[in-house]
Number of protein chains: 2
Amino acid sequence: MATPQLTVDCVVFGLDEADQLKVLLIQRKLEPFAGAWALPGGFVHLDESLDVAARRELQEETGVETHFLEQLYTFGTVDRDPRGRVVTVAYYALVNLRDHTVQAATDARDARWFAVSHLPPLAFDHGAIAQYGLQRLRAKIRYEPIGFELLPPKFTLSQLQRLYEVILGAEIDKRNFRKRILKMDLLQPLDEKQTGVAHRAAQLYRFQPERYRQLQRSGFSFEV
Amino acid sequence: MATPQLTVDCVVFGLDEADQLKVLLIQRKLEPFAGAWALPGGFVHLDESLDVAARRELQEETGVETHFLEQLYTFGTVDRDPRGRVVTVAYYALVNLRDHTVQAATDARDARWFAVSHLPPLAFDHGAIAQYGLQRLRAKIRYEPIGFELLPPKFTLSQLQRLYEVILGAEIDKRNFRKRILKMDLLQPLDEKQTGVAHRAAQLYRFQPERYRQLQRSGFSFEV
DNA sequence: TCAAAAGTGTTGACGGTACACCCATGT
DNA sequence: ACATGGGTGTACCGTCAACACTTTTGA
């Protein structure tokens, strides 16, 4: 029996040096939509699971590897691909952009980071998929500690706060934010401070995933 | 290029007369898993979107039509179907079971309601899918007014409270529950009372979806 | 010495939780 | 008259939001 073809697509988010939220796009070489920007993705092979396919396509098309990859939604309207019936399982990923900037910028495959607020027109229904991913990110960052995936392993509380402010689009009170976050006991203060800044150096912290899982089991729920 | 075949499956929830949470299953006629219980579902046609396919399969296999149908997750491990590579887009649905009891029970296709706490062994990975659906229902019922989909159009506050107690698995204080729910201004008290009960007749209410959408736009968020 | 961000406590308002008794109805 | 669930108000406590000044560092 004939059923639709199946692809995966990835909405990859990163924070740039200026704390701006970015999405990773590739420029299509082939028709349809040759020359247009699109989400990285492609057909699912018969011998790989969906998330393996998503990671493979992301690696092949952009060189990016990510720790955090989660299924977003499956898009399956009849006319979303002019080549015929293609259903796509969309994923979203969070990466520490500093690790990837150079690779993506110099990449022969022409992958680039775009500010979420200034995405170019996208191929297929990828514009809608990206918006959906952003919506999910905004919702999920409030009740799961996934923001840390966008930061380097060692970060300051101000970096974390700016991350929340950018993604949620709202200012947050510094003292209250610090109290809330530190009270959760999820961050480990390191024996290091920020260096090379023209002001008082900030304490560096590390997120403790093990601690989070432990707290989760005892009924704790993350809330920002 | 060969890609996986695509099916849809539905986890349909209903509340029975004794306020027990039930799931609708069908008994398979064909191999693989002939004779085993399974979620209603089947292959996606080339000319129908995913949610249309889900509704069609549900209707064909059980006679049930539902107002509330939402995508759950797409399951795509390589070995989940012995026939070959099959990816399934799972949906969950909520129905007012009283409307469907007779149909399903007398249905030639052998569809039956099972208590969520006593599901038989299911075909494929349908057991895991059903559990995932239950988890989603438990989470979502707290922050979106979807519980009403499980009740008749006219219901009492006690019915609603029992619904929450059964699904969340916790007792709720009657006075606080009523205050919270009524304060939201989502329920319309009707000019009718419960009849035929051996105690004081309860006020009947109707959920106002229009009102909810209106409140949503002004930033209101449902919380129970 | 100046600029720029780090760091730190208290108070008041509000919302949530705990809790017990009388009422209406059918048998 | 009795059994069964329907319906109602208050007081306390804890949590969250608002808010401003001192400290450290490099230029």
Side-chain angles (χ1 to χ4, degrees), chain A residues 15 17-20 141-143 151-152 154-166 168-207 215 219-224, chain B residues 15-20 141-143 151-152 154-166 168-206 215 219-224:
Chain A
L15 264 199
E17 320 72 40
D19 292 314
Q20 289 309 298
I141 206 175
R142 316 185 116 234
Y143 62 89
L151 293 177
K154 300 171 182 182
F155 54 86
T156 69
L157 287 178
S158 294
Q159 281 182 284
L160 185 63
Q161 181 174 345
R162 279 195 299 276
L163 181 158
Y164 274 95
E165 288 179 333
V166 166
L168 298 179
E171 298 217 329
I172 303 175
D173 180 87
K174 182 163 61 159
R175 280 178 284 195
N176 293 338
F177 180 79
R178 285 165 177 251
K179 262 181 289 178
R180 262 204 303 280
I181 298 289
L182 291 177
K183 178 143 62 84
M184 294 184 198
D185 196 21
L186 286 172
L187 299 190
Q188 182 180 48
L190 302 172
D191 292 334
E192 275 177 89
K193 301 222 163 171
Q194 219 178 12
T195 55
V197 287
H199 53 75
R200 180 169 173 180
Q203 176 64 245
L204 287 169
Y205 293 87
R206 174 183 97 83
F207 172 60
L215 286 169
F220 164 83
S221 87
F222 182 91
E223 280 285 326
V224 63
Chain B
L15 264 197
D16 72 5
E17 320 72 42
D19 293 312
Q20 288 310 298
I141 206 176
R142 319 186 112 225
Y143 63 91
L151 294 177
K154 300 170 182 182
F155 53 86
T156 69
L157 288 179
S158 294
Q159 280 181 283
L160 186 63
Q161 178 174 347
R162 280 195 299 275
L163 181 158
Y164 275 95
E165 289 179 333
V166 166
L168 298 179
E171 298 217 329
I172 302 176
D173 180 87
K174 182 163 58 159
R175 280 180 285 195
N176 294 337
F177 180 79
R178 285 164 179 250
K179 261 182 290 178
R180 261 205 302 282
I181 298 289
L182 290 177
K183 180 145 59 89
M184 296 186 199
D185 195 23
L186 287 172
L187 299 190
Q188 182 180 47
L190 302 171
D191 293 333
E192 276 177 89
K193 302 221 163 173
Q194 220 179 10
T195 56
V197 287
H199 53 76
R200 179 169 172 180
Q203 176 65 243
L204 287 169
Y205 293 88
R206 173 183 98 82
L215 286 170
F220 164 83
S221 88
F222 182 91
E223 280 284 326
V224 59

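Side chains are part of it too, since the values below use all heavy atoms of this structure and drop only hydrogens, waters and symmetry mates.
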- prompt: Within a radius of less than 6.0 Å around CZ of B:R180, do more than 12 heavy atoms belonging to other residues, nucleotides or ligands occur?
  reply: yes
Atom pairs and distances, side-chain donor-acceptor, residues 168-177 of chain A, under 3.5 Å, sequence neighbours left out:
| from | atom 1 | to | atom 2 | distance (Å) |
| --- | --- | --- | --- | --- |
| A:D173 | OD2 | A:R175 | N | 3.1 |
| A:D173 | OD2 | A:N176 | N | 2.9 |
| A:D173 | OD2 | A:N176 | ND2 | 3.4 |
| A:N176 | OD1 | A:K179 | NZ | 3.2 |

- prompt: Which residues in residues 168-175 of chain A have at least one heavy atom lying under 4.0 Å from any atom of DNA chain C?
  reply: A:K174, A:R175
- prompt: Between A:L157 and A:A198, which has a closest nucleotide on DNA chain C that is more 5'?
  reply: A:A198
Euclidean distance, atom CD1 of residue B:I181 to atom P of C:dG16 [Å, nearest integer]: 12 Å
- prompt: In terms of side-chain heavy atoms of A:N176, which of C:dA5, D:dA17, C:dC19 is nearest?
  reply: D:dA17
Just list the side-chain donor-acceptor pairs under 3.5 Å for residues 181-198 of chain B, sequence neighbours left out, or say none.
| from | atom 1 | to | atom 2 | distance (Å) |
| --- | --- | --- | --- | --- |
| B:D185 | OD2 | B:R211 | NE | 3.2 |
| B:D185 | OD2 | B:R211 | NH2 | 3.0 |
| B:Q188 | OE1 | B:R206 | NE | 2.9 |
| B:E192 | OE1 | B:K154 | NZ | 3.4 |
| B:E192 | OE2 | B:K154 | NZ | 2.6 |
| B:Q194 | OE1 | B:A202 | N | 3.0 |

- prompt: In whole angstroms, how far is the P atom of C:dA5 from the NE2 atom of A:H199?
  reply: 6 Å
query: OP1 or OP2 of C:dA6 less than 4.0 angstrom from a side-chain nitrogen or oxygen of A:S158, does that happen here?
result: yes
- request: Give one of base, sugar-phosphate or nothing for B:Q194, where a contact means two heavy atoms less than 4.0 Å apart.
  value: nothing
field: Between CG on residue A:L163 and CG on residue A:L157, distance to nearest 0.5 Å
entry: 12.0 Å
query: Nearest 0.5 Å, what's the OG-CZ distance between A:S158 and A:R178?
result: 4.5 Å
query: A:Q161 CD to C:dT8 C1': how many Å, rounded?
result: 14 Å
- line: Separation of C:dT8 atom C1' from A:L182 atom CG, nearest Å, is 11 Å
task: Return the value, rounded to whole Å, for the distance between atom CD of A:E165 and atom P of C:dA5.
output: 13 Å
task: Specify the separation, in whole Å, of atom CZ of A:F177 and atom C1' of C:dG7.
output: 14 Å
message: D:dA17, OP1 or OP2 - any side-chain N/O from A:R180 closer than 4.0 Å?
response: yes
- request: Please report the closest heavy-atom contact between A:Q159 and A:T156, naming both atoms and the distance.
  value: OE1-N, 2.9 Å
message: I want to verify a distance call: between D:dT4, D:dA17, C:dC23, whose nearest atom is closest to the B:R200 side chain?
response: C:dC23
message: Without decimals, in angstroms, what is the distance between B:R162 CZ and D:dG6 C1'?
response: 11 Å
- request: Send over the distance from B:R178 CZ to C:dA20 C1', rounded to a whole Å.
  value: 15 Å
- prompt: In terms of side-chain heavy atoms of A:K179, which of C:dA24, D:dA18, D:dG7 is nearest?
  reply: D:dA18
message: Give me the atom names and distance for the closest heavy-atom approach of B:Y143 to B:E223.
response: CB-OE2, 4.1 Å
